[in-house]
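In what follows, a single structure is set out as structure tokens and then discussed.
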Amino acid sequence: MEEARLIAGTAKRIGDFIEGLRAFAREGDKDPFLFTSIDSIIQDALVLCESRFKTYGVSLEVSRIPAGLQIECRAVQITQFILNLITNNFDAVTLLTSKWIKVDVSETPNDVIIAARDAGSGVSEAILSKLFQLFFTTKEVGKRTGLGQSISRGIINDHGGSLEYDATSLNTVFLFKLPKSQTNHLKRKP
Ligand SMILES: Nc1ncnc2c1ncn2[C@@H]1O[C@H](COP(=O)(O)OP(=O)(O)OP(=O)(O)O)[C@@H](O)[C@H]1O
Ligand SMILES: [Mg+2]
């Protein structure tokens, strides 16, 4: 049947497209885990987005990062993760009158915690439950792909980290926890 052939052809093209995106997202996933300064990772992410933020009048403040703080990681992936996180903050505030994003870095004995806060008033339970779903987006058609957090989930898993939503805050706050050293995480891996 002609229709069936057309559908099969379209499905194949979509499949190839997704594979292509996955290949792009995998960039950096063969890199070795190296101790890298968290400051330099955040600066790398900021360089990629700060001019866009300026153009749209979005202020981005980064807290003073504890001196010498390092994490054992694939730096390209963590940069991408942070970029995904603050791009979501950016999208959430562009239409608000108060357009601010604050990134705060703190540490516990074993972990680094990166808090990304924005002027938005939180994310609903319904959206949070779909956050990591492939192609889930609430943004207008053609604006975003809904892949950001799906890609981020792979990065979190690779690093033994976690992403939590802080439901106690009046603004939108996501907390990204990352182990300083991979020793325990890699030991757990099969
Ligand atoms: N800081 C935030 N404030 C409000 N909603 C958010 C925030 N971060 C994520 N979301 C919601 O989660 C959805 C999924 O996020 P995700 O990053 O996976 O996709 P996206 O931003 O829509 O597209 P992409 O990241 O591929 O460009 C968003 O569409 C949005 O509804
Ligand atoms: Mg996104």
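We're numbering straight along the sequence, starting at 1. Only a predicted model underlies this, so the values are computations on that prediction, with no experimental measurement involved. In listed order, ligands and their atoms are each counted from 1.
- The distance criterion of under 3.5 Å between nitrogen or oxygen atoms is met by Thr137 with respect to ligand 1.
- Here Leu131 contributes atom CG and Ser152 contributes atom OG; the two are 8.5 Å apart, rounded to the nearest 0.5 Å.
- Minimum heavy-atom separation, Pro179 to Asp111: CA-OD1, 3.3 Å.
- Applying the side chain to side chain contact (heavy atoms under 4.5 Å, CB included) test to Ser59 and every residue at least two apart in sequence or in another chain returns Trp100.
- Ligand 1 has no nitrogen or oxygen under 3.5 angstrom from a nitrogen or oxygen of Thr172.
- Short contacts between ligand 1 and Thr145, defined as distances under 4.0 Å to a heavy atom of the residue, involve ligand atoms 23 (O), 24 (P), 26 (O), 27 (O).
- Counting the atoms of ligand 1 from 1 in the order shown, those under 4.0 Å from a heavy atom of Ile127 are 11 (C), 12 (O), 31 (O).
- Selection from Leu83, Leu131, Asp118 by nearest heavy atom to atom 1 (N) of ligand 1 gives Asp118.
- Ring geometry for Phe90 versus Phe53: interplanar angle under 30°, hence parallel rather than tilted (30 to 60°).
- Taking hydrophobic clusters as Ile, Leu, Val, Met, Phe, Trp and Tyr residues chained together by side-chain heavy-atom distances below 4.5 Å, Leu83 does not share a cluster with Ile38.
- Residue Gly146 places at least one N or O, backbone or side chain, under 3.5 Å from an N or O of ligand 1.
- Among the backbone and side-chain atoms of Thr137, none of the N, O or S atoms lies under 2.8 Å from the Mg ion (ligand 2).
- Checked by distance only, ligand 1 and Gly148 come closer than 3.5 Å through their nitrogen or oxygen atoms.
- In the candidate list Thr138, Val123, Asn171, Val123 is nearest to atom 6 (C) of ligand 1, counting heavy atoms.
- In the vicinity of Asn89, heavy-atom distances shorter than 4.0 Å reach the ligand 1 atoms 1 (N).
- At least one N or O atom of Leu147, backbone or side chain, sits closer than 3.5 Å to an N or O atom of ligand 1.
- Enclosure of atom NZ in Lys180 by more than 12 non-hydrogen atoms of other residues, nucleotides or ligands within 6.0 angstrom is indicated.
- Using a 4.0 Å cut-off to heavy atoms of Phe136, the atoms of ligand 1 that qualify are 13 (C), 14 (C), 19 (O).
- Considering backbone and side-chain atoms together, Gln149 places an N or O closer than 3.5 Å to an N or O of ligand 1.
- In this comparison of Lys130, Arg144, Lys139, the heavy atom closest to atom 21 (O) of ligand 1 sits on Lys139.
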